[in-house]
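Only one structure is covered here, and it is reproduced in the block below.
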Amino acid sequence: MLMLFNFLAMPWMLQRQVVEVDYGTFIEMAENKELGQVKVQQQENQILFTNKDNTAVYKTAMMPDPNLTQMLNESGAGFGGEIIKQADPILSFLLSWVLPIVIFILIGQYISGRMMKNAGGSNAMMFGKSNAKVYVKSSEGIKFSDVAGEDEAKENLAEVVDYLHNTNKYREIGASMPKGILLVGPPGTGKTMLAKAVAGESNVPFFSMSGSEFVEMFVGMGASKVRDLFKQAKEKAPCIVFIDEIDAIGQKRDGRVGGNDEREQTLNQLLTEMDGFEENTGVIILAATNRPESLDPALTRPGRFDRRVPVELPDLKGREEILKVHAKKVKLDPNVDFGKIARMASGASGAELANIINEAALRAVRDGHRYVTQEDLEESIEVVIAGYQKKNAILTDEEKKVVAYHEIGHALVAAKQSNSAPVQKITIVPRTSGALGYTMQVEEGNHYLVSREELENKIATLTGGRAAEELVFHSSSTGASNDIEQATKLARAMITRYGMSKDFDMVALETVQNQYLGGDTSLACSAEIQAEVDRQVIALVKQQHEKAAKILEENRDKLDELAKYLYEKETITGEEFMNILNG
Ligand code: ADP
């Protein structure tokens, strides 16, 4: 590159600097013997010449001058030599050696900067910067009114907003805001959204980072990022720092061999930083997680995250409000009954409800409607929960019959135990999720305590499907696998966690590990007790299975009638079900 530059670019650069002068100057220079090299270019009708030390090149137009040759001879100029400017030696050294090196260094810096940026999200000069996204005073951002339901959480956070606006009111009494607030709850309940709403409402700078962003390719980077984040935050106080998925860095330091040093270092730095600033400096830390039990106790102690705000799955009213908030974004039939939709979508999280609305809108477009109808919404609930309908009939007649009896078996056992409509609707259209039939349960209302009898009834209901198959077809099918799993889980929980077995009294034999993510459990008892637990679980399920079989046997005529109806119609609503049952 250097050679090319010197051989091609340099002469070109030098040649450009030809100064044009008039013929008089040429004659004058010749007379004063100031000429160096002269070259007559007949074709271009011009004369190129240099001065004595070859440091400048001149050009002039040619005149029909018969004395030219003689005059040049007298002046002592050289003929026909190369007209190349002998550049100033310092300048030429600079141009040919220093300039290219400088250019290469700049290119190298640029490329390595780009590589760093790709590798670690920061460029060469930004090692260990927190690169937190700052949301400042977002006026069009999310407000509390966009977050439906979750009133307790909102109330709690509204206090923070108020504190940031009227710090003095709190200082006068001597109250200090908690330094850290931990939002805990299942996925999709709006934790991130609430944090953004706090920023939107409080009009202060908002630093947002995800726990995983602290942990990077380079060891030690996490800790330095934490340091930088807090430094920035303190400069910008009052402000809010939001750390999403804090469990990525805040996990218990349990000293396991091969533990993650980098993560522990990051956590230590976070602990120190949270201790490091005084109360009332106006830096408030919000963090969200769905695994609060895995957090290090040092992190959750008062003085660091003093407050824990549960963000739970929405109840009936909450679901209705969330549906309404999201429905504002789509064109809707004015007769849509949100209450009914909310009742049907029991157990859905905010994110699922948002998805239901969107699925309904997509369905409306697919069907060429101009707006979203009640039917679209109802169908989309089933889509979100159970998957799309399978278009081609894949069930044989015999299978369809079995599925109809199975689903009616569940519903009939449930209805006979509670004497009320157990289902909203049953369909036996296969779904893409693999479900052959689908039962939409009736909302049980806000129910906080469940009695032993209710749990037993639930197990009986779960075994009802299989019991009906056995009663009618005298055989069993694979369709009950999910029921079996659920019934076992319930029976096991009754014995190991709810103390509903006489033999074990109130001893916890199992502990729940992550409450918000599926609720896995681990056994905490000896092998003998385990064997006994298994025996009791089996006995409990068996007892309920027999009870279900008995109920179905006593109502065999209703079972046949309902199953036939479902087989023919493929869908039965709770109302129709009760009419036939009581008819
Ligand atoms: P997470 O609790 O997992 O952080 P998010 O805050 O990211 O959940 O919520 C995901 C999406 O679900 C949001 O973007 C929003 O559309 C919807 N959502 C969840 N909860 C609510 C709520 N209470 N009100 C309105 N929308 C909600």
Side-chain angles (χ1 to χ4, degrees), residues 132-133 135 138 140-158 160-161 180-201 206-213 240-250 285-295 305 307-330 332 336 338-339 341-342 345-362 372 377 380-381 383-385 446 514-519:
K133 287 169 249 134
Y135 293 82
S138 55
E140 78 289 352
I142 297 171
K143 292 273 169 125
F144 277 144
S145 54
D146 295 319
V147 187
E150 308 299 351
D151 292 330
E152 296 79 16
K154 275 198 273 187
E155 205 171 291
N156 218 318
L157 294 172
V160 175
V161 175
I181 296 177
L182 191 61
L183 300 165
V184 299
T189 44
K191 296 184 292 298
T192 313
M193 221 182 160
L194 273 168
K196 285 187 185 160
V198 172
E201 293 276 345
F206 179 72
F207 296 86
S208 160
M209 249 190 124
S210 162
S212 58
E213 280 173 53
I240 292 172
V241 176
F242 175 57
I243 307 176
D244 207 353
E245 315 292 355
I246 193 170
D247 45 280
I249 47 167
I285 299 163
L286 290 179
T289 177
N290 27 43
R291 294 169 57 198
E293 69 289 327
S294 75
L295 291 182
F305 284 103
R307 218 179 249 189
R308 179 184 282 221
V309 178
V311 187
E312 296 288 350
L313 286 176
D315 55 10
L316 181 59
K317 192 165 143 275
R319 286 201 298 277
E320 197 173 330
E321 282 170 26
I322 294 175
L323 282 171
K324 279 183 188 155
V325 165
H326 285 281
K328 278 187 203 138
K329 294 176 206 150
V330 299
L332 211 61
V336 165
F338 284 112
I341 308 289
S346 108
S349 68
E352 277 169 325
L353 291 169
N355 194 9
I356 284 172
I357 297 274
N358 192 43
E359 279 290 341
L362 289 175
V372 178
L377 284 165
S380 76
I381 292 177
V383 167
V384 169
I385 296 172
N446 291 334
N514 39 18
Q515 187 186 356
Y516 294 117
L517 297 174

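Whatever order the structure lists them in is the order used to number ligands and atoms, beginning at 1.
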Contacts of T289 that satisfy side chain to side chain donor-acceptor pair (under 3.5 Å) - sequence neighbours left out: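 Per chain and number, T289 pairs via side chain to side chain donor-acceptor pair (under 3.5 Å) with D247.
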Report yes if the side chains of [X] and [Y] come closer than 4.5 Å at any heavy-atom pair, otherwise no.
{"X": "L313", "Y": "P186", "value": "yes"}
{"X": "F242", "Y": "V198", "value": "no"}
{"X": "I246", "Y": "F305", "value": "yes"}

Among [options], whose heavy atom sits nearest [atom]?
{"atom": "atom 10 (C) of ligand 1", "options": "A354, S145, A195, A351", "result": "A351"}
{"atom": "atom 8 (O) of ligand 1", "options": "G190, S349, P187", "result": "G190"}
{"atom": "atom 4 (O) of ligand 1", "options": "V325, L313, T192", "result": "T192"}
{"atom": "atom 24 (N) of ligand 1", "options": "G185, A148, G350", "result": "A148"}

Where [X] and [Y] come nearest, the two heavy atoms and their spacing:
{"X": "F338", "Y": "L323", "answer": "CD2-CB, 3.8 Å"}
{"X": "L194", "Y": "A153", "answer": "CD1-CB, 3.9 Å"}
{"X": "I356", "Y": "A345", "answer": "CD1-CB, 4.1 Å"}

Within-shell test, H326 vs ligand 1, heavy atom, strictly < 4.0 Å: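 Right, H326 reaches ligand 1.
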Any A288 heavy atom less than 4.0 Å to ligand 1: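 A288 does not count as a contact of ligand 1 under the 4.0 Å cut-off.
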Those atoms of ligand 1 less than 4.0 Å from some heavy atom in T189: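 So the atoms of ligand 1 that pass are 2 (O), 8 (O), 19 (C), 20 (N).
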G188-ligand 1 polar pair, N/O distance under 3.5 Å: yes
Mode of D146 contact toward ligand 1 - side chain, backbone, both, neither (heavy atoms, under 4.0 Å):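 For D146, only backbone atoms sit under 4.0 Å from ligand 1.
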Nearest neighbour in protein (non-hydrogen) for atom 13 (C) of ligand 1: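 So the nearest neighbour among protein heavy atoms is M193 SD, 3.9 Å.
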